[in-house]
Engineer: 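This is the structure I want to talk about, given as structure tokens.
Here is how names work: the chains are called A, B, and so on, in the same order as the sequence lines, proteins then strands, and each is numbered from 1.
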Protein chains: 2
Amino acid sequence: MTRATIKDVSRVAGVSIKTVSRVLNKERYVSDDMRQKVEEAVARLNYHPSQAARTLAGKRSFQIGLIHDNPSPYYIFNMQAGVGQRCREADFRMIVQPCDINSPGLVDDIGALIDQAQLDGIIMTPPVTDVGTALAELFRRKIPVVRVQPGTDLTATSAVYIDNVQAADDMTAYLISLGHRRIGFVTGHGNYFASGQRLTGYRQALQRAGIGFDAALVFPGQFDFQSGTAAAEALLALDQPPTAIFASSDDMAAGVLAAAHRLGVAVPDQLSVAGFDDTDLAQVVWPSLTTIHQPIRDLGYAAADLLLEFGETIERRQLPHKLVVRGSTAAPKS
Amino acid sequence: MTRATIKDVSRVAGVSIKTVSRVLNKERYVSDDMRQKVEEAVARLNYHPSQAARTLAGKRSFQIGLIHDNPSPYYIFNMQAGVGQRCREADFRMIVQPCDINSPGLVDDIGALIDQAQLDGIIMTPPVTDVGTALAELFRRKIPVVRVQPGTDLTATSAVYIDNVQAADDMTAYLISLGHRRIGFVTGHGNYFASGQRLTGYRQALQRAGIGFDAALVFPGQFDFQSGTAAAEALLALDQPPTAIFASSDDMAAGVLAAAHRLGVAVPDQLSVAGFDDTDLAQVVWPSLTTIHQPIRDLGYAAADLLLEFGETIERRQLPHKLVVRGSTAAPKS
DNA sequence: TTCGAATATGACAACGTTATCTCATCGAGC
DNA sequence: GCTCGATGAGATAACGTTGTCATATTCGAA
């Protein structure tokens, strides 16, 4: 017993091959009578169309690519979950392609992927979003692209994103509202545009509250645990150490926590710590992290949605973030 | 300018289409002369074969599926990285398919995936590995299968795994060697065969050391953070609380840590805590976790390797685990 | 020298769909 | 009653590869 083909279906249903194809592709001009006969035959034979044949014969492949160069399991997992969910709803398949933005073969690899799989569209996550040569290649091929949280050429492609400036502003304002005046800030990796945006939000909230910006309180991080540890060690060693540290990722916030524990600094009594992302990590460290919830899964879903609904038409969608207060922040003890 | 086809390549190289195909597929009986001409043409035209056409015309699709129902981002990320790596080396593509082992449509979904994509093979991770109906469907289709850490029908398919019994034994023996006599154990989720194996290893080490097994020290967990917290609360409330707790996942160990912090129990001075898996988490909590390193990425790589190298031939491969000592364990203070 | 096997290449059908074109039917408007 | 557009259905040609078979050449052994 070999796989059922469209021919088998047409024979069982007693209609032409093309009519079966019409039903499968939900085309117009099919009578209810025919549609029903075909659907019955499809169910009876447990028929599933060959993706390869569809791709070869048609103009679409029902496949989209997700291109990323992101070392965070949590980010990738949720992004895939969101994109995958939307793909399943549309009977599309998601092809995941990790890459290395520093590799000279990056552009060729992306081109090869598109050629081989005949992708109908591409979703990119930072920092791949901002690699000019890769973007140019995609434009050359005129393939629909949706970028997640792009930093450059904002209007060049469809995009989904959150308001990083506002989010960092929210968190900083929250810390200020608790009574903190000296708030340390750990920036993210320079490759990510969001890093700068979060710093901007931090400064914006300080300024609004009439608190002067102190460059000594800003530590350059890389989004990872080590950076957080290093930042905490540096910031807590200052003559006038901060009473709160806002790290622009949860990993870095965890690093701050670890350093504080090691130095015997009580959190949140002696030091408040805030993160950004609301990864699983935030609820698994102690004390659990006050952080900004970034709806990564929803971003993925929205990205796929834009791709499937609008194709080449450029569309933008901003998703809401949320301040999540947990155990790592409190009012400073005077 | 449209995509280059094999026809274009054959024209540029001045050979037949079939010869180009031979070179591309590394078939025998091609002269160096021909091979070189074809390779030059391929490079010049930046030609990439259409996967769809290859699948349709040939017997192989150059695609394998990775089927999982696992909520751990870390596990999935690394498994994908390993499988993906091996696929890239062989110019195969990996299709990732999350699923729900409790869904009645599970078998149909897997069947549909195989039909539509004409997969050349399937890799499954626990707990999907042990769903009898799904396995039966795969056998029916005679598709090569590799299972990661299967629990049932061990010899029915190729498999890669670690020795969970020995690993848990190692950890327990290590804790005993530190001087611990009352060692709590938190089991994993019942759906996973590894859960039982780890408990066996724990008991085995106790017995060898002449320490009686005390059922009160074993707490049933689910592999997640909450379980760990609940376990620690229950175990530490015993009349004779343990001096060490061995949780069979890092997430649960993190839960134990959090509960200990909350209860004011110092780790490792008053309580040693050990995990299992060595996920990123292990180095990000405080104190960092003593745990068993499970080479998830390597397991993925090996699984794909077995699939690509041996196909239907059943082959098994055991990978080494490793005890990693970090800050969460110490000798008990008498 | 001759023959068979191994090597090297090509012609052409086949894979399972969708696209395009053709044809038939049915109502509505003149 | 006739024409025209909308609707419904099918025949047939792609799509870009690989599989199969045919054919030519080369090499080694009898």
Engineer: Show me the pairs that pass salt bridge (Lys or Arg N to Asp or Glu O under 4.0 Å) and involve residues 302-311 of chain B, at least two apart or across chains.
Structural biologist: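 Every salt bridge (Lys or Arg N to Asp or Glu O under 4.0 Å) pair that includes a residue of residues 302-311 of chain B, provided the two are not neighbours, is B/Arg86-B/Asp305, B/Arg86-B/Glu309, B/Asp305-B/Arg317.
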Engineer: Looking at B/Ile123, B/Val148, B/Ile76, B/Thr129, which hits side-chain contact (heavy atoms from CB on, under 4.5 Å) with B/His68?
Structural biologist: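 Going through B/Ile123, B/Val148, B/Ile76, B/Thr129 one by one, the side-chain contact (heavy atoms from CB on, under 4.5 Å) with B/His68 is satisfied by B/Ile76 alone.
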Engineer: What residues in residues 20-29 of chain B put a non-hydrogen atom under 4.0 Å from any atom of DNA chain D?
Structural biologist: B/Ser21, B/Asn25
Engineer: At what distance, to the nearest 0.5 angstrom, does CG of A/Asn70 lie from CZ of A/Phe223?
Structural biologist: 9.0 Å
Engineer: Taking side-chain contact (heavy atoms from CB on, under 4.5 Å) as the test, write out the residues that go with A/Asp69, two or more places apart.
Structural biologist: A/Cys99, A/Asp100, A/Ile101, A/Val128
Engineer: Give a yes or no answer on whether the side chain of B/Glu137 reaches the backbone of B/Asp108 with a donor-acceptor pair at less than 3.5 Å.
Structural biologist: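 No; judged by distance alone, with no hydrogens or angles, the pair does not exist.
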Engineer: Where along residues 44-59 of chain A does a heavy atom come under 4.0 Å from DNA chain D, residue by residue in number order?
Structural biologist: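 Result for residues 44-59 of chain A: A/Leu56, A/Ala57, sorted by number.
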Engineer: According to salt bridge (Lys or Arg N to Asp or Glu O under 4.0 Å), who are the partners of B/Arg316, at least two apart in sequence or on a separate chain?
Structural biologist: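 For B/Arg316 there are no salt bridge (Lys or Arg N to Asp or Glu O under 4.0 Å) partners, ignoring immediate neighbours.
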Engineer: Kindly state which residues belonging to residues 11-18 of chain A come within less than 4.0 angstrom of DNA chain D, counting heavy atoms of the residue only, listed by number.
Structural biologist: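 DNA chain D contact set from residues 11-18 of chain A: A/Val15, A/Ser16, A/Lys18.
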Engineer: Taking side-chain contact (heavy atoms from CB on, under 4.5 Å) as the test, write out the residues that go with A/Ala41, two or more places apart.
Structural biologist: A/Val9, A/Val12, A/Ala13
Engineer: Report yes or no: do A/Tyr301 and A/Glu89 form a side-chain donor-acceptor pair below 3.5 Å?
Structural biologist: yes
Engineer: Sort me out a list of protein N/O and nucleotides 23-25 of chain C N/O pairs below 3.5 Å, or just none if empty.
Structural biologist:
none

Engineer: Sort and list the pairs that fulfil salt bridge (Lys or Arg N to Asp or Glu O under 4.0 Å) and have at least one residue in residues 40-67 of chain B, not counting sequence neighbours.
Structural biologist: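 As it turns out, there is no salt bridge (Lys or Arg N to Asp or Glu O under 4.0 Å) pair with a partner in residues 40-67 of chain B once direct neighbours are skipped.
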Engineer: Between the axis at one end of the helix from C/dT1-D/dA30 to C/dC30-D/dG1 and the axis at the other (five pairs apiece), what's the angle to 10 degrees?
Structural biologist: 40°
Engineer: If you walk 5' to 3' along DNA chain D, what is the first nucleotide with an atom under 4.0 Å of a heavy atom in chain B, and what is the last?
Structural biologist: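 So the outermost contacting nucleotides come out as D/dG16 to D/dT20.
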Engineer: How long is the gap from CG on B/Leu119 to CG on B/Leu138, to the nearest 0.5 Å?
Structural biologist: 10.0 Å
Engineer: If we only count heavy atoms from C-beta on, is the A/Lys7 to A/Ile17 side-chain gap below 4.5 Å?
Structural biologist: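 The answer is yes, as the side chains (C-beta and beyond) meet within the 4.5 Å cut-off.
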Engineer: What pairs with A/Val23 under side-chain contact (heavy atoms from CB on, under 4.5 Å), at least two apart in sequence or on another chain?
Structural biologist: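 Per chain and number, A/Val23 pairs via side-chain contact (heavy atoms from CB on, under 4.5 Å) with A/Val30, A/Arg35, A/Val38, A/Glu39.
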Engineer: When you compare the side chain of B/His189 with that of B/Pro127, does any pair of heavy atoms fall below 4.5 Å?
Structural biologist: no
